[in-house]
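The next block holds one structure in the form of structure tokens; read it before the comments.
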Amino acid sequence: MNNEIRLALVRTLPFLIVICAVMILIKRGKFKSEELDLRKPQSIKYFLIWTIGFLLYSLLVEFLLYSSSILEIDKWNHSLSSSLILIPGAVILAPIAEELLFRGFILNLLNKKKINNHLAVLIQACFFVLLHNFTYQNTLSSNIGIVQSLVDAMLFGYARQYTKSLYTPITMHMTGNAIAVIERFIF
């Protein structure tokens, strides 16, 4: 196994482990899937509004940042074999695992503690930002990335609470990550 594939696996396997661990915990009765809102949205209409709204919001933000020459995108420079690991990891596994953790467990815990909904959404969003921006560089692009992560995480949290389904923010998150991957091939 070459080094690039090994690195791709190291970046992707933690997401798979989180998903498997959550499924085991649910199967063993430690958590109920309903507590995490692992159910279809109460309304397909609102699921589509949140998902399509997020798609349009993401495309608009990326367009504005790109046209202002603020958006910094690294070209995709991975081999086919590592890409076959990294792309599903980024577009499918990472959103599922992160939504289970942040909008599933953390938001559920905050809701159980009777914390105000808006504060609960903000707190889980801050944890999300900490995970995604641990290599802070104090550049304009880095600061914009932090704000984008915070806004995205808050939108994901509100989507989960509004639709009563974790599937809504999972789909939104997959959409955002797919856009980020596609940009690396286009720009």
Side-chain angles (χ1 to χ4, degrees), residues 11-62 88-136 142-180:
R11 290 189 66 187
T12 304
L13 282 178
F15 300 121
L16 189 58
I17 291 168
V18 167
I19 294 166
C20 290
V22 170
M23 301 321 279
I24 290 168
L25 289 171
I26 290 171
K27 189 167 179 88
R28 290 187 178 173
K30 304 290 183 193
F31 289 97
K32 294 181 180 160
S33 59
E34 296 81 29
E35 287 180 303
L36 303 177
D37 280 340
L38 280 171
R39 59 178 150 236
K40 71 178 189 170
Q42 290 180 334
S43 164
I44 280 294
K45 174 183 166 186
Y46 291 121
F47 170 82
L48 291 173
I49 288 170
W50 277 100
T51 303
I52 294 169
F54 183 76
L55 170 65
L56 296 174
Y57 157 78
S58 296
L59 291 173
L60 177 64
V61 167
E62 296 300 299
V91 177
I92 299 168
L93 297 177
I96 293 170
E98 290 175 357
E99 292 309 312
L100 285 167
L101 288 174
F102 295 102
R103 269 56 71 182
F105 286 111
I106 293 174
L107 194 54
N108 184 57
L109 178 68
L110 295 169
N111 288 335
K112 277 185 175 179
K113 294 195 178 281
K114 305 279 190 230
I115 293 177
N116 173 289
N117 281 340
H118 302 295
L119 183 57
V121 166
L122 179 62
I123 291 169
Q124 64 80 29
C126 288
F127 282 118
F128 184 79
V129 168
L130 287 173
L131 175 78
H132 283 80
N133 296 292
F134 56 85
T135 57
Y136 178 68
S142 178
N143 292 333
I144 288 172
I146 289 170
V147 172
Q148 274 186 293
S149 294
L150 183 69
V151 171
D152 288 356
M154 291 179 71
L155 289 171
F156 299 157
Y158 283 121
R160 183 231 167 159
Q161 290 191 340
Y162 194 84
T163 64
K164 304 286 188 244
S165 173
L166 198 62
Y167 296 145
T168 307
I170 287 172
T171 305
M172 293 165 64
H173 198 150
M174 286 178 174
T175 301
N177 284 13
I179 291 169

**Study point:** Pair listing, salt bridge (Lys or Arg N to Asp or Glu O under 4.0 Å) test, anchored in residues 88-105, at least two apart
**Key:** E99-R103

**Study point:** Pairs involving residues 34-50, ordered by first then second residue, that meet salt bridge (Lys or Arg N to Asp or Glu O under 4.0 Å) (sequence neighbours left out)
**Key:** E35-K112, D37-R39, D37-R160

Practice item. Walk me through it: do V61 and V151 pass the test side chain to side chain contact (heavy atoms under 4.5 Å, CB included)? Key: CA-CA 11 Å; V61 167; V151 171; over 6 Å; no

Check your understanding: Under 3.5 Å, side chain of N108 to main-chain N/O of G104, donor-acceptor pair present?
Key -> no

Point to revise | Backbone N/O of Q161 and side chain of K164: donor-acceptor pair under 3.5 Å | key: yes

**Study point:** Validation row: F15, I92 side chains within 4.5 angstrom (heavy atoms)
**Key:** no

**Study point:** Side-chain heavy-atom pair V129, V147 within 4.5 angstrom cut-off
**Key:** no

Could you tell me which non-hydrogen atom of [X] sits nearest to which non-hydrogen atom of [Y], and how far apart they are?
{"X": "I19", "Y": "L93", "answer": "CD1-O, 3.7 Å"}
{"X": "N111", "Y": "N117", "answer": "OD1-OD1, 3.7 Å"}
{"X": "A159", "Y": "T168", "answer": "CB-CG2, 3.9 Å"}
{"X": "P95", "Y": "G89", "answer": "CD-O, 4.3 Å"}

Review point. Got a second to check how far I179's CD1 is from T175's OG1, nearest 0.5 Å?
Key: 6.5 Å

Exercise for review: Calculate, to the nearest 0.5 Å, the distance between atoms CE and OG belonging to M23 and S33 respectively.
Suggested key: 8.0 Å

Check your understanding: With under 30° as parallel and over 60° as perpendicular, where do the rings of Y46 and Y162 fit, or are they tilted in between?
Key -> perpendicular

**Study point:** Near-ring test Y158/H118, centroid separation under 6.0 angstrom
**Key:** yes

Practice item. Go through the steps for L55 and T51 under the test side chain to side chain contact (heavy atoms under 4.5 Å, CB included), then give the verdict. Key: CA-CA 6 Å; L55 170 65; T51 303; 5.9 Å; no

Check your understanding: Got a sec, which pairs hit ring pair (Phe, Tyr, Trp, His ring centres under 6.0 Å) with one end in residues 89-111, sequence neighbours left out?
Key -> F31-F105, F102-F128

Practice item. Start with the C-alpha distance between F156 and D152, add both sets of side-chain angles, then the distance that settles side chain to side chain contact (heavy atoms under 4.5 Å, CB included), and finish with yes or no. Key: CA-CA 6 Å; F156 299 157; D152 288 356; 4.0 Å; yes

